[in-house]
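Before any comments, here is the structure.
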Amino acid sequence: MRDPASEPNAAPITPLGSLLVKVHSRCNLMCDYCYEYNCGNTSWRKKPKEMSEAVYEQMLARVREHSLRHGVREQFFSLHGGEPLLRRLDFFRYAVSCAREVLGPEIAVQFGTQTNATLMTAETVDLFAELGIGVGVSIDGPEPVHNKNRVYSNGRPSYQDTLAGLQHLLTERGRTVFGGILAVIDVTEDPLPVFEHLAAFAPPSIDFLEPHGSWDELPAGKVTAEDTRYGDWLIRLFDHWFDGGHRAVPIRKFEELIEHLLGGAGSVESFGLEPVSLLTVATDGAIEMVDCIKASGPNAENLGLNVFDHDFDTALAHPMMRLRQIGIAALPPVCQSCELVWVCGGGYLPHRYGAGNGYRNPTIYCADYRKLIHHIRSRLEPILDARSGAQAAV
């Protein structure tokens, strides 16, 4: 029998499982590292500010069509931006009720959103709790750290407004929808005070994200592709967390790597070789790649498809989407022969880009991940050996 991974076009398509729904294409902040507005991609300027009801309802019809065709019984919608809370609250009530009406009892749909929290209010929390919309908050750390990059377009810092919004999610009702924190890593800062500050909010999880970069445009703080500043930063944080520092607060990156090292399957698209079944629908109805890929350059997200003229099967069969579903076959030889490929998976697709080979490169964070993964494995081995010995003695 032939291995489908050896023939990328023959590999089976994994049906859609989640959608990034761009309900608003603008933001009230102008963060220095933003892939949407500050990485050279200006496609947002040509998009409507808001997704219309006609686009949203056509998208739902395509989701229903696709889900029933493939026997998919659950979907996840991330109501995304820009800043999604620039939409009026009545839109969110409409979006949830319309989705449940169109998708019916056959297809369950869960909702989430990612916000900078500056526009979060008690009324928003009450509505989201009623509708069951989970809320992730973007905050980078203590006030001086956060305000280095996350500012308004006039340069005014945003920390105090983010903190005020976040407080609404720390109430008893707010915690029913509080989904966690996203923080972008600044390698010039000590990771421990950053983590302790965020952990003090007792979020359900924290996801530390590297700033976007590629082989053509190195990430902030990285001098060469081979330096391991990000790996060293993450190792210092891992040891603190693993040795008991607020370990009750999950750090998603570490838990994903541990899961893969133990032979499991992860749940995020940045590690492992599991097929990715995520697409973006823009405010104008365009079906696009994951929005972070905009950091690769102009039109990187563009598949030339839209919900009015194309179904999701067509989008998932697109060569760019196939890169995300064929596993090891999408990676360069250096990755395919690496002992860590089943853990790293080549890294996040937007971070693999280089003008010469396109996305057929290792992640620009390869040296960092190699060092980090070896370190985590070294910390796990004594524990696993002790457990194996105890089991053998029984």
Could you check whether any side-chain heavy atom of [X] comes within less than 4.5 Å of a side-chain heavy atom of [Y], counting everything from C-beta outward?
{"X": "Ser277", "Y": "Pro15", "answer": "no"}
{"X": "Thr113", "Y": "His80", "answer": "no"}
{"X": "Leu331", "Y": "Val341", "answer": "yes"}
{"X": "Tyr359", "Y": "Met320", "answer": "yes"}
{"X": "Thr14", "Y": "Leu316", "answer": "no"}
{"X": "Leu349", "Y": "Val290", "answer": "no"}
{"X": "Val223", "Y": "Leu218", "answer": "no"}
{"X": "Pro191", "Y": "Trp241", "answer": "no"}

Judged by modelled atom types alone, do [X] and [Y] share a side-chain donor-acceptor pair under 3.5 Å?
{"X": "Thr121", "Y": "His168", "answer": "no"}
{"X": "His374", "Y": "Arg377", "answer": "yes"}
{"X": "Thr280", "Y": "Glu301", "answer": "no"}
{"X": "Asn28", "Y": "Thr118", "answer": "yes"}
{"X": "Tyr369", "Y": "Glu210", "answer": "yes"}
{"X": "Glu83", "Y": "Asn116", "answer": "yes"}

Examine distances only and state if a side-chain atom of [X] and a backbone atom of [Y] form a donor-acceptor pair shorter than 3.5 Å.
{"X": "Ser25", "Y": "Pro48", "result": "yes"}
{"X": "Lys22", "Y": "Gly81", "result": "yes"}
{"X": "Asp161", "Y": "Ser158", "result": "no"}
{"X": "Arg26", "Y": "Trp44", "result": "yes"}
{"X": "His70", "Y": "Val72", "result": "no"}
{"X": "Arg360", "Y": "Pro332", "result": "no"}
{"X": "Thr124", "Y": "Met120", "result": "no"}
{"X": "Asp207", "Y": "Ala183", "result": "no"}
{"X": "Trp233", "Y": "Glu189", "result": "yes"}
{"X": "Asn149", "Y": "His146", "result": "no"}

Enter the distance from [X]:[atom1] to [Y]:[atom2] here, rounded to the nearest 0.5 Å.
{"X": "Tyr348", "Y": "Ile293", "atom1": "OH", "atom2": "CD1", "answer": "8.0 Å"}
{"X": "Asp368", "Y": "Lys222", "atom1": "CG", "atom2": "NZ", "answer": "3.5 Å"}
{"X": "Gln110", "Y": "Glu74", "atom1": "CD", "atom2": "CD", "answer": "7.0 Å"}
{"X": "His24", "Y": "Cys27", "atom1": "NE2", "atom2": "SG", "answer": "9.5 Å"}
{"X": "Ser205", "Y": "Phe178", "atom1": "OG", "atom2": "CZ", "answer": "8.5 Å"}
{"X": "Ile364", "Y": "Arg352", "atom1": "CD1", "atom2": "CZ", "answer": "13.0 Å"}

If you link I, L, V, M, F, W and Y whenever their side-chain heavy atoms are under 4.5 Å apart, who else ends up in the same group as Val334?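 Joined to Val334, directly or through intermediates: none.
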Evaluate the criterion salt bridge (charged side-chain N to carboxylate O under 4.0 Å, His left out) for residue pair Arg62 and Glu65; output intermediate values, then yes/no. CA-CA 5 Å; Arg62 293 295 191 188; Glu65 167 190 68; 3.3 Å; yes
As a quick check of understanding, evaluate side chain to side chain donor-acceptor pair (under 3.5 Å) for Thr283 and Glu50, giving each step before the final call. CA-CA 6 Å; Thr283 54; Glu50 298 182 345; over 6 Å; no
Start with the C-alpha distance between Tyr56 and Tyr94, add both sets of side-chain angles, then the distance that settles ring pair (Phe, Tyr, Trp, His ring centres under 6.0 Å), and finish with yes or no. CA-CA 10 Å; Tyr56 186 75; Tyr94 153 79; 5.7 Å; yes
In chain order, what residues pass the ring-ring contact (aromatic ring centres under 6.0 Å, His included) check against Phe128, with sequence neighbours excluded?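 Counting only residues at least two positions away or on another chain, Phe128 forms a ring-ring contact (aromatic ring centres under 6.0 Å, His included) with Phe92.
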Please work out whether the ring planes of His351 and Tyr365 are parallel, tilted or perpendicular, with thresholds of 30° and 60°.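 Answer is perpendicular, since the angle exceeds 60°.
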Look at the rings of Tyr35 and His212 and say which category their plane angle falls in: under 30° parallel, 30 to 60° tilted, over 60° perpendicular.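 Aromatic pair Tyr35/His212 classed perpendicular.
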Any Lys/Arg nitrogen of [X] or [Y] sitting under 4.0 Å from an Asp/Glu carboxylate oxygen of the other?
{"X": "Asp284", "Y": "Lys46", "result": "no"}
{"X": "Lys47", "Y": "Glu288", "result": "yes"}
{"X": "Asp140", "Y": "Lys148", "result": "no"}
{"X": "Glu256", "Y": "Lys253", "result": "no"}

Tell me, yes or no, whether the heavy-atom count around Trp215 atom CH2, taken from other residues, nucleotides or ligands under 6.0 Å, exceeds 12.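 Yes, enclosed.
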Take atom CZ of Arg370 as the centre, draw a 6.0 Å sphere, and report whether it contains more than 12 heavy atoms from other residues, nucleotides or ligands.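 Counting other residues, nucleotides and ligands, CZ of Arg370 stays at 12 neighbours or fewer.
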Would Asp313 and His66 count as a side chain to side chain donor-acceptor pair (under 3.5 Å) if you check the C-alpha gap in whole Å, the side-chain angles of each, and the deciding distance to 0.1 Å? CA-CA 7 Å; Asp313 280 46; His66 179 85; 2.7 Å; yes
Go through the structure and list residues passing side-chain contact (heavy atoms from CB on, under 4.5 Å) with [X], not counting sequence neighbours.
{"X": "Asp243", "answer": "Asp239, Arg379"}
{"X": "Ser214", "answer": "Asp216, Glu217, Tyr353"}
{"X": "Glu274", "answer": "His260, Ala265"}
{"X": "His197", "answer": "Pro142, Tyr159, Phe201"}

Determine the sole option in Leu305, Val281, Ile13 for which the side chain to side chain contact (heavy atoms under 4.5 Å, CB included) test with Phe312 is passed.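 Passing option: Val281.
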With clusters defined by side-chain heavy atoms of hydrophobic residues (ILVMFWY) lying less than 4.5 Å apart, directly or transitively, does Val137 cluster with Leu209?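 They do not share one cluster, since no chain of ILVMFWY contacts under 4.5 Å joins Leu209 to Val137.
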Group every Ile, Leu, Val, Met, Phe, Trp and Tyr by side-chain heavy-atom contacts under 4.5 Å, then state whether Phe91 and Leu119 land in the same group.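 Shared cluster, yes.
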Report the C-alpha separation of Tyr33 and Arg150 in whole Å, then their side-chain angles, then the decisive distance to 0.1 Å, and conclude whether the side chain to side chain donor-acceptor pair (under 3.5 Å) test is met. CA-CA 9 Å; Tyr33 47 62; Arg150 300 189 64 81; 3.1 Å; yes
With side-chain contact (heavy atoms from CB on, under 4.5 Å) as the test, would you mind laying out the steps for Ile107 and Leu68 before giving the verdict? CA-CA 8 Å; Ile107 306 155; Leu68 294 180; 4.1 Å; yes
Only one of Arg87, Arg93, Arg88 clears salt bridge (charged side-chain N to carboxylate O under 4.0 Å, His left out) with Asp90; which?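 Running salt bridge (charged side-chain N to carboxylate O under 4.0 Å, His left out) over Arg87, Arg93, Arg88 with Asp90 returns exactly one hit, Arg88.
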